[in-house]
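Everything on this sheet refers to the single structure shown next.
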Amino acid sequence: MISSKGSEIVSISIAMCTYNGAKYINEQLETIIAQDYPLHEIIVVDDRSSDDTFKILEDWKAKHPALFKLYLNEENLGFDKNFEKAISLCTGDLIAIADQDDVWMKDKLSSLVKLFADENVMLAHGASITLKNGNLHHFSGQLKRYKLFEGSDSRKLFLLNQLSGHNIMFRKSILNQAIPIPDFMPYDWWLALNATALGEIKAVKRYLVHHRKHGDNAFFSKKRIKNPLTLRSRLLLFKRIQNLNSESSLFLDEFISYAEQHEQAPSSKIDWKFFKFLLKYSKIIFGHKKRIFPAFTYLTNSIKFAK
């Protein structure tokens with residue numbers, strides 16, 4: 001596509017998953033339609049909602065028939081597998097994830113797409129601030145608490161997921177190696193690691209999403225199945241990722257070795273060998289949060305994960 005000024009417009013697909021989201025979905029879709037960047041398509045996959053969600057979606061499609069593509073699953077896939085299906089159906093050069101109940105700033109897409117002028121950028125993300133009971137919780141905003149992940153150091157993502165799906169936009173080409181996503185693997189974590197293996201991640205250090213938190217939210221719901229993956233099993237899945245650089249691959253092998261020993265250690269005691277490994281690389285592993293006394297935090301986190 002070409003804009004009125006003659007510059008090339010990169011096509012962006014929106015990937016949204018829905019499940020019993022009738023209460024808030026209209027507000028989310030309104031803020032997507034109102035974006036100041038042209039939309040290529042809005043892919044919505046409903047995971048067998050029992051409320052009016054799909055009827056609301058059909059109403060939106062009737063208003064924008066060329067934009068909306070709706071899919072209704074034959075059976076419930078669950079949060080991460082449903083997003084895997086949604087992103088696989090996208091045809092745009094870039095894919096932006098949308099939850100069913102958030103509020104987007106008008107310039108979310110235009111702010112993120114600029115970062116892809118650098119061909120090495122595989123994934124971009126912004127910050128979100130919690131929206132609860134109609135109020136923004138500035139004290140818990142990501143920019144106050146976290147350093148938004150940037151760069152290509154895969155090692156920083158092996159222990160903790162530092163990106164949230166509702167904040168990300170990524171190149172569709174990542175899916176050539178990222179699909180299929182392993183069972184029980186958070187889709188955003190998997191995409192982020194594949195992005196670091198293929199290039200780098202950049203961030204817009206502004207709030208681009210008001211992220212709604214409520215009891216019916218698919219992520220925060222008490223009904224969400226607990227992830228059965230242990231640290232060791234998750235690290236072994238990361239070994240499948242293609243194109244990790246040698247430094248990250250060697251670090252991952254060492255990490256797996258210590259994780260295997262840790263699983264066999266008594267749970268009531270500190271695994272001192274694992275503790276020393278975590279402390280040695282603490283700036284890499286635990287460096288994502290802003291701390292007044294980082295050295296103390298590195299120490300306490302190393303003890304926490306070594307138990």
Step by step, would you call His210 with Leu136 a side-chain contact (heavy atoms from CB on, under 4.5 Å)?
-> CA-CA 8 Å; His210 292 170; Leu136 293 176; 3.6 Å; yes

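- Using modelled atom types and a 3.5 Å distance limit, the side chains of Gln100 and Thr18 yield no donor-acceptor pair.
- Between Glu84 and Lys81 there is a salt bridge, since a side-chain N of the basic residue sits under 4.0 Å from a carboxylate O of the acidic one.
- Listed here is the closest heavy atom pair of Gly151 and Thr196: O-CG2, 4.2 Å.
- Contact check on Asp253 versus Lys239 returns a salt bridge, with a Lys/Arg side-chain nitrogen under 4.0 Å from an Asp/Glu carboxylate oxygen.
- A salt bridge does not link Arg212 to Asp99: none of the charged nitrogens lies less than 4.0 Å from a carboxylate oxygen.
- A side-chain contact (heavy atoms from CB on, under 4.5 Å) with Asn167 is found for one member of His211, His125, Lys108 and no other, namely His125.
- Not one N or O on the side chain of Tyr19 forms a donor-acceptor pair closer than 3.5 Å with the backbone of Gly78.
- Taking the centre of each ring, Tyr258 and Phe305 stay at or above the 6.0 Å mark.
- Pairs of residues two or more places apart, or lying in two chains, that qualify as ring-ring contact (aromatic ring centres under 6.0 Å, His included) and include a residue from residues 81-113 are Phe79-Phe83, Phe83-Tyr187.
- At least one donor-acceptor pair closer than 3.5 Å links the side chain of Asn194 to the backbone N or O of Trp190.
- Within the 6.0 Å centre-distance limit, the rings of Phe238 and Trp189 are counted as a close aromatic pair.
- Salt bridge present: Glu41 and Lys69 bring a charged side-chain N and a carboxylate O closer than 4.0 Å.
- Checked against a 6.0 Å centroid threshold, the rings of Phe277 and Phe255 count as neighbours.
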Tell me, with the steps shown, if Ile95 and Ile12 meet side-chain contact (heavy atoms from CB on, under 4.5 Å).
-> CA-CA 6 Å; Ile95 301 171; Ile12 300 178; over 6 Å; no

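- Atom NZ of residue Lys172 and atom CG of residue Asn176 lie 8.0 Å apart, to the nearest 0.5 angstrom.
- In plain terms, the two heavy atoms of Asp47 and Leu77 that are nearest each other are OD1-N, 2.7 Å.
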